[in-house]
Every structure is written in C-alpha cells, then in structure tokens.
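Because only heavy atoms are used, hydrogens play no part in the values below, and waters and symmetry mates are left out as well, while side chains stay in.
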Amino acid sequence: MGQSNSSAALPSRREIIHHSHRSSTKSTATISPMQQPEDLNDWKLIIDGAHDYISYLPDECLACIFQFLSSGDRKRCSMVCRRWLRVEGQSRQRLSLSAQADLLPLVPTLFSRFDSVTKLALKCDRRSVSIGDEALISISARCRNLTRLKLRACRELTDTGMTAFAKNCKGLKKLSCGSCTFGAKGMNAIIDNCASLEELSVKRLRGITDGAAAELIGPGLAAASLKTICLKELYNGQCFRPLMIGSKNLRTLKLFRCSGDWDKILQLVADGVKGMVEIHLEKLQVSDVGLTAISNCMDLEILHLVKTPECTNLGLGSVAERCKLLRKLHIDGWKANRIGDEGLVAVSKNCPNLQELVLIGVNPTKISLEMLASNCQNLERLALCGSDTVGDTEISCIAAKCIALKKLCIKSCPVSDHGMEALATGCPNLVKVKVKKCRGVTCDGADLLRSARGSLAVNLDSGEPEHQDASVSDGVVHDNGVEFPSAPIQIAAAEPSIASTSALRSTSFKSRLGLFSGRSLAACTFRRWSNGRNSSRS
C-alpha cells in the first residue's frame, strides 16, 4: 500500500530467490517483475514463493471489504493502484462534499468516479459562498439514484435549483436541509415529485415567507409515504400544516422552537393521523389543549415535552389515560412547577410499559416515585435532574422498589452519601449510576457503592453547580438537557474532495466512555440507552 511510483531499480528474480534461500526462516515480501510493467498494478507480490492472491479477488469481494473500512482507510486504499481506486469509487454509496462555489467545475470528475452514490451531504461554511443552482442540477443529473440528501448553509440555492433536483431525483427518501434560502416552491417541488419521501427535516429555512401570505406546503405525492417530519426554528412553520395533516402514515412528529400557537394544528393533525408513535415538542406554544389532542394517538410510545410551560398535570394526565403504550417520557418542566406528582401518578397508573423516564426541572416526591416504581415494573432508565425534592428518601424509595432499573442518572439534586448507601443494597439489576453536581455525595459515598456492587459502573462528578438551561434538540444538550437521538445520518464534511459518513464513527473519547462533557450529563448517560432492544419498535 506504500508503493512508490519511482524509477528505483528492482532486484532480479535470481537475487530474490538467492535471498530467500539465505533467510529461509523469515517470511519476506518482495516485488518481482512478471513482465515489463506499465503501472504499479502490474507488479506481483511473491511471499515465500506464493503469489499475492488478493489480486485474484473479484471486484465485488474487494468492494465488500472496503465497506468495513473507515473513510480514511478507504482513501488510503484508493491510492494503492488503479484497480483499487476504481473499485473504491464505484462501491462508495455515502459522500460528503464541501459545498463551496468552487465545487462546480469538479462535479463531472467527482461523480464520474463516485457513480454509485445514494447518500449525499453538501455542507458549506457560513462564511463562504455556497454552490448554486447550476451545481445542484449538475449533481442531480449524475446521481439519479440518490435516496438521501443533506443540505447545510447552501444559501445560494433557489426554488429553481430545488425544482430541477426534485425532477431528476424522484427516488429521494430522506431530505434534511438547514440554513438554506429556497422557499415554499422548492419544498413543494420536492413533495410533489418525490413520491417515496419518508423523512423530512427542515431547520431555519429562510425563504419561507412570513405572515398570512405565506404559501402553504403540501400535501403532495410525498404525503402518502412520509413517516417522519421534523421542523426546527421556523418563523412560519405552520405553513407545513397541509403536509402534516395529509401524511396519514406519519409515525414521528418533531417540532422545535417554531413560532405560533400550535394547539389548533395539533388537533387537526391528531384527528387525521392516528398512527403516530413518537412526538417531540420543545419550546413551543402548546397547552393542555394540544396535549389532549395528542391523547387521540393511542399508539403513542415516545413523548418529549421540553420547555412547554403551559402544559400542566391535566394535559399529561389526558395523555397517560389514553396512550397506555407509552414507553419513553421526557419532561423538562423549566422550573415552572406545572407538572408534578399528580401528572406522574396518572402516568404510573396508566402506562405499565414505561421503560424510560427523564425528569428535568420537575419536583416529584416519594408519593409519585413510589407509584412509578410499583406500577411500572419495566422501568429500566431513570434520570432526575435539577429537582429540589429528590433527596435521600426518594433515592431510597427507588432503590427498594425499582427492581428492573438498569441506568440511573442524578444531577443537581439534594442527595447525599446516605442515598448511595441505599443504592448499594437495592436495584438488583442496576449496571450504571451517574451522579453530577450533587454536593452531598462525596468520593467516599461513591467508593462505598463501588465496593458493595463490584460490577456496577459508578461515575461521580461533584462540580460546582451552574446556571441551568436545558435544551434537547439539534444534538446540543445544555445543563440538565437530555437527548435520545434517533441516529440520524450525519455526514462528515471534509476537504473539497470527499469524505464518508463513517468519519463520524470516531466519536469523542468522553462520549464512548459515557463521561460528562461540559454540561451534558444526561445526554452522555442515555446516548446509547435508547437504542437498545426496543429501538426497532419505534
């Protein structure tokens, strides 16, 4: 792989054989010219007198091997010889490009080599000029089998380019765009032409007109196939309501920081879409009216309520009473004290399948925690963050009652070493405990827990408390924020040439070990817990 295209003289075959006789005990690899070479690919390796059989591998087998390599290793392999360069390019399905304006002249060459790409990411730096319509149209003409497209900060794209792209790539299944400037016409073109579209994620789409004159988006042909809609930071996100209402097969709806009153729209969506299993609402103007509407989705399994201060125990109770299949519940009460024991008791009485509970800025007491532990026998993951009422008594209750609990995260709660002592003898299935910013818990308490439960992973960070500001979306979790990502495909941006999504496999060392990076305790705690044995059901 480290061969050099130099003119250095190679040893003759006689010299090679003579050298192998002199050092017969060693395994040597030398280069022997079978004939006058025209390219490095024509050289054959002789190892102890045997040919290098990898040269006889079919292209399909070689391509299969490349699929197991990281992006960097694939690029290094492509430099070995012309054959590997060709096979690597033809077998690459994921590609990430720096979408700056100077990409345009490189498009023909790039996509002649990478002619099998089905997943493409085009990312531009915010300070640079992005590609325009001409480049996107040229790419779409060469990648008609594209199934996934991610656009980031491509501010030069307009409705014209998106319309042409939609007509060329009708097999698109997933579109994610952020900080782009095309508008409703471009989005409608995608929806009208891509009948197989399953996932749509839109963030900060600048071209959508604000106000009553905004053009509505949807439903279009894609409404029949859409399963996931995610809207983030849109001034006029409500113009997507025809699409949401018309997507009868919608399974996941995520609304983050979109302006306007959403109660009425949630009523219309819930009336027409009965099969939703996952709903995320963050920093949204929604009240108990919206939650009551959501309760009509009786197959709901995952609910996130983050910084929705108008939601109270009444709305949560309505959801709990009708959505009995609920498995994952995240609540960030934002210290509003509108959701507490009453709502959690309703959950405990009606949702026996609950497996994951995250409470941020909520103040449960022993009453609700004891009922949750007693009635929700499948509760495996529990996070309690920024609660003023969760102390040693509540932790002792959890230790005694939560038999199935495997993961426990406690942050900024008035817990002491006595609570750790209770955990030392309770929760027989517990495998991991993380404690952060609980001043009463000392290293001695953590050591006691470790010594009593040898197989238990205990992580203690008793740092000074800081201003709490929970935020769950966009992969950024602040302070008490918790995120359970659905593993969206992230394609790493690289040099202007190429980079594969596999570049992101090298996640941070802290994240792999579940350590706490900055203020994202619970995110590190649960980053992989939600992708366990039940992820396929959602």
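Annotation: salt bridge (charged side-chain N to carboxylate O under 4.0 Å, His left out) contacts of Asp447 (sequence neighbours excluded): Arg450. For Glu421, the salt bridge (charged side-chain N to carboxylate O under 4.0 Å, His left out) criterion is met by no residue, not counting sequence neighbours.
Side-chain atoms of Ser91 and Arg74 include a donor-acceptor pair closer than 3.5 Å. For the residue pair Glu278/His304, the side-chain donor-acceptor check at 3.5 Å is not satisfied.
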Show your working on side-chain hydrogen bond (donor to acceptor under 3.5 Å, both in side chains) between Arg338 and Thr308 and close with a plain yes or no.
-> CA-CA 10 Å; Arg338 305 291 296 275; Thr308 54; over 6 Å; no
Please assess Asn249 against Leu226 for the test side-chain contact (heavy atoms from CB on, under 4.5 Å), listing each intermediate value before the final yes or no.
-> CA-CA 6 Å; Asn249 295 314; Leu226 266 174; over 6 Å; no
Evaluate side-chain contact (heavy atoms from CB on, under 4.5 Å) for Lys407 paired with Val431, printing each intermediate quantity in order.
-> CA-CA 6 Å; Lys407 319 281 186 177; Val431 297; 3.6 Å; yes
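Pro242 approaches Leu216 most closely through the heavy-atom pair CG-CB, 3.8 Å. Smallest separation of non-hydrogen atoms from Ser318 and Ser295: O-CB, 3.4 Å. Contact between Leu300 and Cys323 at its shortest, heavy atoms only, is CB-SG, 4.0 Å.
Between the side chain of Asn188 and the main chain of Gly218, a donor-acceptor pair closer than 3.5 Å is present. The backbone N or O of Val362 lies less than 3.5 Å from a partner atom in the side chain of Ser387, making a donor-acceptor pair. A donor-acceptor pair is defined here as one N or O able to donate and one able to accept, closer than 3.5 Å; no such pair exists between the side chain of Arg381 and the backbone of Lys328. A donor-acceptor pair is defined here as one N or O able to donate and one able to accept, closer than 3.5 Å; no such pair exists between the side chain of Asn353 and the backbone of Asn378.
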